Amino acid sequence: MSLVNVVDLEATCWLGPPPPGQANEIIEIGVCVLDRPTLQPVEWRSIVVRPARSEISAFCTELTGHTAESVAAGVPFAQACEILERDFDSGRRPWASWGDYDRKQLQHQCAEAGIPYPMCHVHTNAKKVFARVFGLKKKPGMANALAAAGLPLVGRHHSGVDDARNIASLVAVLMQRQQDAWRQLREAGI
């Protein structure tokens, strides 16, 4: 496939443990579709998700920009998963995220809701790959990785759609380095 989905989730969060009866729930699924041949984003979208069991804390609003009102206008989680499948072919298209949190949170929330996991089994932890390719001992956060790659942070950090676009830029850098390495091997006759 020539397209890759780059996904970044935002979830309910608190300064400290969740209040009794509440848990981390996805409140935004940011998706940026990256075209492999051109290494350019071809589409990006924010899917705002209405939490079922938790409320937006002041800390969460400060971090993500989402308010109780903005997520109340979102779609239920099951519908967000349907949008991923319908609009982004998520069950067949390989995808990447910055770390494994997004993959694990989607799996966990799908299991808890009793709905099918909407994502392709081909997932890349771009954070891990970036650290290896750039020879870093520690896996950097997205903002530090952008700086290491000489890229600007575009938009608001901790906005799912903006972070998905920034991560897509980092994935494009990794793909470009891979293409360059293969070209050098071919030129060397290997």
Side-chain angles (χ1 to χ4, degrees), residues 1-11 26-49 63-66 80-81 83-110 117-187:
M1 289 195 147
S2 66
L3 300 175
V4 175
N5 290 334
V6 179
V7 174
D8 184 74
L9 304 178
E10 300 303 327
I26 297 168
I27 57 174
E28 182 187 8
I29 303 172
V31 183
C32 183
V33 180
L34 187 64
D35 180 67
R36 280 197 236 194
T38 65
L39 301 178
Q40 295 298 311
V42 293
E43 179 182 2
W44 52 88
R45 189 182 324 167
S46 171
I47 304 167
V48 178
V49 181
L63 184 67
T64 68
H66 287 289
C81 290
I83 292 168
L84 284 170
E85 291 180 300
R86 181 190 68 227
D87 296 355
F88 298 98
D89 199 14
S90 64
R92 296 181 340 139
R93 194 178 288 167
W95 68 292
S97 63
W98 198 256
D100 272 336
Y101 169 82
D102 305 84
R103 180 183 58 78
K104 290 177 181 178
Q105 181 65 28
L106 273 167
Q107 288 172 335
H108 172 75
Q109 200 160 327
C110 285
Y117 183 63
M119 306 304 284
C120 175
H121 69 281
V122 179
H123 171 260
T124 299
N125 176 341
K127 181 188 228 181
K128 184 177 181 180
V129 174
F130 186 90
R132 187 178 70 235
V133 168
F134 277 75
L136 305 173
K137 291 183 184 198
K138 289 183 70 177
K139 297 177 197 125
M142 184 200 71
N144 288 335
L146 288 166
L151 297 171
L153 183 124
V154 176
R156 178 191 174 108
H157 194 14
H158 299 296
S159 156
V161 68
D162 290 344
D163 284 355
R165 291 180 69 191
N166 284 309
I167 296 164
S169 295
L170 291 166
V171 169
V173 165
L174 295 171
M175 289 178 170
Q176 182 64 56
R177 284 187 171 219
Q178 180 185 30
Q179 289 174 1
D180 291 347
W182 280 112
R183 188 180 63 251
Q184 289 171 5
L185 286 171
R186 281 193 307 274
E187 289 171 357

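Source: prediction; values computed, not measured.
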- Message: Closer than 3.5 angstrom, by distance alone: can the side chain of Asn166 be matched with the main-chain N or O of Asp162 as a donor-acceptor pair?
- Response: yes
- Query: Short question: side chain of Thr64, backbone of His66 - any donor-acceptor pair under 3.5 Å?
  - Reply: yes
Can you give me the closest heavy-atom contact between [X] and [Y], atom names plus distance?
| X | Y | value |
| --- | --- | --- |
| Asp102 | Leu9 | OD2-N, 2.7 Å |
| Ser46 | Glu28 | OG-OE2, 2.7 Å |
| Phe134 | Leu174 | CE1-CD2, 4.3 Å |
| Ala143 | Leu153 | CB-CD1, 4.0 Å |
| Ala80 | Ile29 | CB-CD1, 4.0 Å |
| Ala149 | Leu170 | CB-CD2, 4.0 Å |

- Sequence neighbours left out, what passes salt bridge (charged side-chain N to carboxylate O under 4.0 Å, His left out) with Asp100? Give chain and number order. Arg103
Do [X] and [Y] make a side-chain contact, defined as non-hydrogen atoms from C-beta onward lying under 4.5 Å apart?
| X | Y | result |
| --- | --- | --- |
| Val31 | Val161 | no |
| Met175 | Val4 | yes |
| Met142 | His157 | yes |

- Query: For the rings on Phe130 and Trp98, is their centre-to-centre separation under 6.0 Å?
  - Reply: yes
From [atom1] ([X]) to [atom2] ([Y]), nearest 0.5 Å:
| X | Y | atom1 | atom2 | answer |
| --- | --- | --- | --- | --- |
| Cys120 | Arg92 | SG | CZ | 9.5 Å |
| Gln40 | Leu34 | CD | CG | 8.0 Å |
| Asp8 | Ile167 | CG | CD1 | 4.5 Å |
| Asn144 | Lys127 | CG | NZ | 10.0 Å |
| Phe88 | Leu3 | CZ | CG | 11.0 Å |
| Asn5 | His123 | CG | NE2 | 11.0 Å |

- Task: Start with the C-alpha gap between Leu106 and Tyr117, add the side-chain angles, then the distance that decides, and say whether side chain to side chain contact (heavy atoms under 4.5 Å, CB included) holds.
- Result: CA-CA 7 Å; Leu106 273 167; Tyr117 183 63; 3.8 Å; yes
- Query: side chain to side chain contact (heavy atoms under 4.5 Å, CB included) between Gln176 and Leu39: does it pass, once the steps are laid out?
  - Reply: CA-CA 8 Å; Gln176 182 64 56; Leu39 301 178; 3.2 Å; yes
- Item | Asp163 and Arg156 ion-paired at < 4.0 Å | no
- Residues two or more places apart in sequence or in another chain: which of them pass side-chain contact (heavy atoms from CB on, under 4.5 Å) with Arg132? Val129
